[in-house]
Engineer: 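Structure provided below as structure tokens; questions to follow.
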Amino acid sequence: MDDLRDKYLQAIAAADDEATLESLRLEAVGKKGEVSLKMRELGKMSPEQRQQVGPQLNALKEEINSALAAKKAALADAALDERLRGEWLDVTLPGRPRAQGTIHPVSQVMEEVTAIFSDMGFAVAEGPQVESDWYNFDALNIPSHHPARGEMDTFYMHRAPDDERPPHVLRTHTSPVQIRSMEAQGAPIRIICPGRVYRADYDQTHTPMFHQIEGLALDRDISMANLKWVLEEFFTAYFGTKVKTRFRASHFPFTEPSAEVDIQCSWVDGQLRIGEGDDWMEVLGSGMVHPKVLRAGGIDPDKWQGFAFGMGIDRIAMLKYGIPDLRAFFDSDLRWLRHYGFFALDRPTLHGGLNR
Ligand code: DAH
């Protein structure tokens with residue numbers, strides 16, 4: 001028994017991997033291992049002998065098993081130490097830089113405007129940018145002979161030469177969304193429609209694509225007074241300072257009466273200040289929706305009335321954020337975008353603040 005013990009304890013001590021340990025285990029205490037075979041011989045012994053040899057064999061088996069377990073743990077520790085020596089990480093190295101984009105001022109302002117109007121109960125509505133001439137013109141009381149069509153610098157979509165139907169257009173304003181929303185929702189209605197519009201015009205203050213936001217509120221007794229309140233409320237929230245408005249009589253085919261709206265401002269040393277002084281700056285067109293327009297939208301003008309307005313988003317973005325050149329909005333110049341862009345996680349809300 002001492003020979004067996006010496007033989008296996010030495011072999012276990014000398015083993016240098018788990019496979020060797022496992023074959024030693026089988027050899028010693030496996031079903032047909034040497035110790036197990038010895039145990040089988042107990043049956044042939046006299047009771048006295050058995051009482052002496054039995055416990056010794058059990059003790060030997062236990063001793064070998066625990067030597068195996070201890071060696072196995074030691075091998076695992078050694079393997080781990082080896083890995084830890086080989087694999088290491090310098091946590092003091094600087095991280096890899098990750099390019100971070102910014103939110104374009106136009107997107108930012110659309111979100112700001114939406115936050116303010118949502119608070120006054122206006123929902124957002126959208127329409128297609130390729131529009132039929134019915135929605136872009138006729139339904140808005142701009143018949144084909146009307147001079148306003150010529151003044152709009154419209155982009156026309158191509159039709160096959162033998163196709164007599166009037167061509168589709170790139171919408172020249174967001175006003176067609178008024179008609180689509182009236183058709184889809186009926187009255188009462190309170191919506192704003194932000195989006196892209198197109199006109200064939202390019203100079204310092206015009207780009208062939210730009211952005212507008214349309215407003216429409218219809219109910220039983222909505223008046224110009226409601227329009228004035230809504231707009232002053234809007235500009236005051238948007239510019240973060242009390243802003244007065246001035247309504248000037250004007251003409252749009254889709255409103256009667258019509259007004260152009262100016263906001264109060266001043267010029268100090270060539271610097272524009274909104275909401276103070278006694279200069280005025282034109283920012284939008286508006287009026288009471290024309291009965292013909294209501295009818296085109298499927299709404300009875302004897303029962304419903306209301307106001308509409310249309311405003312340039314790029315324009316009010318330039319005014320609020322002091323951006324001098326409109327064309328730079330659409331140049332995709334990264335330096336410009338980093339300078340005038342907004343942090344993506346700063347979402348404009350009335351309670352959290354519209355902008356930083
Ligand atoms: N659609 C007009 C334009 O693009 C702006 C406008 C004026 C919209 C008066 C309106 C409005 O809804 O009532 O110049």
Side-chain angles (χ1 to χ4, degrees), residues 98-127 129 174-175 177-178 180-181 184-185 188-197 209-219 222 225-245 261 263-265 272-276 281 283-284 286 306-323 326 328-330 332 334 336-356:
R98 254 218 255 168
Q100 195 171 49
T102 57
I103 298 296
H104 195 284
V106 169
S107 305
Q108 168 76 18
V109 167
M110 280 196 191
E111 291 291 331
E112 293 181 20
V113 171
T114 303
I116 299 167
F117 278 105
S118 314
D119 197 56
M120 294 192 273
F122 287 75
V124 172
E126 287 181 307
Q129 296 175 41
T174 43
S175 303
V177 187
Q178 285 189 37
R180 289 181 174 276
S181 307
Q185 302 173 36
I189 189 171
R190 243 188 274 179
I191 49 158
I192 52 166
C193 331
R196 294 183 164 188
V197 300
M209 186 282 300
F210 60 105
H211 301 83
Q212 285 189 337
I213 187 151
E214 195 80 10
L216 173 69
L218 300 177
D219 211 318
I222 288 191
N226 301 120
L227 171 63
K228 184 161 171 93
W229 182 85
V230 163
L231 289 178
E232 289 200 346
E233 211 45 32
F234 165 71
F235 285 117
T236 297
Y238 178 71
F239 287 108
T241 178
K242 180 84 197 138
V243 180
K244 284 191 187 141
T245 61
V261 178
I263 53 176
Q264 179 195 15
C265 68
L272 175 70
R273 305 242 176 90
I274 306 282
E276 57 172 63
M281 170 164 303
V283 283
L284 61 84
S286 65
F307 63 75
F309 62 86
M311 176 165 61
I313 293 180
D314 318 270
R315 185 83 196 294
I316 63 165
M318 292 168 79
L319 291 178
K320 179 166 177 179
Y321 292 112
I323 307 173
L326 172 69
F329 271 66
F330 312 116
S332 302
L334 280 177
W336 188 94
L337 290 168
R338 286 196 191 105
H339 181 78
Y340 287 111
F342 292 80
F343 182 47
L345 297 179
D346 284 343
R347 307 222 67 228
T349 58
L350 285 186
H351 52 276
L354 292 176
N355 62 277
R356 276 206 242 192

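It should be emphasised that the depicted structure is a prediction, and the values quoted were computed from it without experimental measurement.
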Engineer: With side-chain contact (heavy atoms from CB on, under 4.5 Å) as the criterion, how do I313 and V113 come out once you've worked through the C-alpha distance, each side chain's angles and the decisive distance to 0.1 Å?
Structural biologist: CA-CA 9 Å; I313 293 180; V113 171; 5.8 Å; no

Engineer: To the nearest 0.5 angstrom, please state how far the OG1 atom of T241 sits from the CZ atom of R273.
Structural biologist: 11.0 Å

Engineer: Does atom NZ of K244 have more than 12 heavy-atom neighbours, drawn from other residues, nucleotides or ligands, at distances under 6.0 Å?
Structural biologist: no

Engineer: Between I316 and F234, does a side-chain contact (heavy atoms from CB on, under 4.5 Å) hold up when you go through it step by step?
Structural biologist: CA-CA 12 Å; I316 63 165; F234 165 71; 4.2 Å; yes

Engineer: For V109 and K320, what are the C-alpha separation, side-chain angles and deciding distance, and is it a side-chain contact (heavy atoms from CB on, under 4.5 Å)?
Structural biologist: CA-CA 9 Å; V109 167; K320 179 166 177 179; 5.7 Å; no

Engineer: What residues form a side chain to side chain donor-acceptor pair (under 3.5 Å) with R347, not counting sequence neighbours?
Structural biologist: E111

Engineer: How long is the span from the NE2 atom in H351 to the CG atom in D119, to the nearest 0.5 Å?
Structural biologist: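 The NE2 atom of H351 sits 10.0 Å away from the CG atom of D119.
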
Engineer: Enter the distance from L326:CG to F210:CZ here, rounded to the nearest 0.5 Å.
Structural biologist: 9.0 Å

Engineer: Which heavy atom of V124 sits nearest a heavy atom of P194, and at what distance?
Structural biologist: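 Where V124 meets P194 most closely, the heavy atoms are CG1-CD, 3.8 Å.
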
Engineer: Suppose we screen for ring-ring contact (aromatic ring centres under 6.0 Å, His included). Which residues come up paired with F235, at least two apart in sequence or across chains?
Structural biologist: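 Counting only residues at least two positions away or on another chain, F235 forms no ring-ring contact (aromatic ring centres under 6.0 Å, His included).
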
Engineer: For P188, is there any backbone N or O sitting under 3.5 Å from a side-chain donor or acceptor partner on D219?
Structural biologist: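 Side chain of D219 to backbone of P188: no pair is present.
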
Engineer: CG of L216 to CD1 of I191: how many Å apart, nearest 0.5 Å?
Structural biologist: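 Answer for the CG-CD1 pair, L216 versus I191, is 4.5 Å.
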
Engineer: What's the verdict on ring-ring contact (aromatic ring centres under 6.0 Å, His included) for Y321 and F342, showing C-alpha distance, side-chain angles and the deciding distance?
Structural biologist: CA-CA 11 Å; Y321 292 112; F342 292 80; 4.9 Å; yes

Engineer: Looking at CD1 of I213 and OG1 of T174, how far apart are the two atoms once the value is rounded to the nearest 0.5 Å?
Structural biologist: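 Separation between the atoms: 8.0 Å.
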
Engineer: For H104, which residues count as a side chain to side chain donor-acceptor pair (under 3.5 Å) partner, sequence neighbours excluded?
Structural biologist: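 Testing H104 for side chain to side chain donor-acceptor pair (under 3.5 Å), a comparison that skips the adjacent residues, returns none.
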
Engineer: Where does the angle between the aromatic ring planes of F122 and F117 fall among parallel (under 30°), tilted (30 to 60°) and perpendicular (over 60°)?
Structural biologist: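 Plane angle over 60°, so perpendicular.
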
Engineer: Return the minimal non-hydrogen interatomic distance between E214 and S175, and the atom names on each side.
Structural biologist: OE2-OG, 2.8 Å

Engineer: Could you report the tightest heavy-atom contact between A344 and I103, atom names first, then the distance?
Structural biologist: CA-CG1, 3.6 Å

Engineer: Quick one: CZ on F307 to CG on N226, what's the gap to the nearest 0.5 Å?
Structural biologist: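 Here the interatomic distance stands at 6.5 Å.
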
Engineer: Can you pull the salt bridge (Lys or Arg N to Asp or Glu O under 4.0 Å) pairs that have at least one residue in residues 188-197, sequence neighbours excluded?
Structural biologist: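 Salt bridge (Lys or Arg N to Asp or Glu O under 4.0 Å) check on residues 188-197 returns no pairs.
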
Engineer: Answer yes or no: does atom CD of E276 have more than 12 heavy-atom neighbours from other residues, nucleotides or ligands under 6.0 Å?
Structural biologist: yes

Engineer: Heavy atoms only: give me the nearest M311-V283 pair and the separation to one decimal.
Structural biologist: CG-O, 3.7 Å

Engineer: Is the closest side-chain heavy-atom distance between N355 and D346 below 4.5 Å?
Structural biologist: no

Engineer: Do you know the tightest heavy-atom contact between A237 and L354?
Structural biologist: O-CD1, 3.4 Å

Engineer: Does T102 use its side chain to pair, donor to acceptor, with the backbone of L337 at less than 3.5 Å?
Structural biologist: yes

Engineer: Output all residues satisfying side-chain contact (heavy atoms from CB on, under 4.5 Å) with L272, sequence neighbours left out; order by chain, then residue number.
Structural biologist: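 For L272 the side-chain contact (heavy atoms from CB on, under 4.5 Å) partners, ignoring immediate neighbours, are C265, W267, I274, M281, L319.
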
Engineer: For Q108 and F343, indicate whether the former's side chain and the latter's backbone hold a donor-acceptor pair under 3.5 Å.
Structural biologist: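 No, because the side chain of Q108 does not come within donor-acceptor range (under 3.5 Å) of the backbone of F343.
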
Engineer: Any donor and acceptor pair, going by atom type alone, linking the side chain of E232 with main-chain N or O of T245 inside 3.5 Å?
Structural biologist: yes

Engineer: Restricting to ring-ring contact (aromatic ring centres under 6.0 Å, His included), what partner residues turn up for Y340, sequence neighbours left out?
Structural biologist: W336

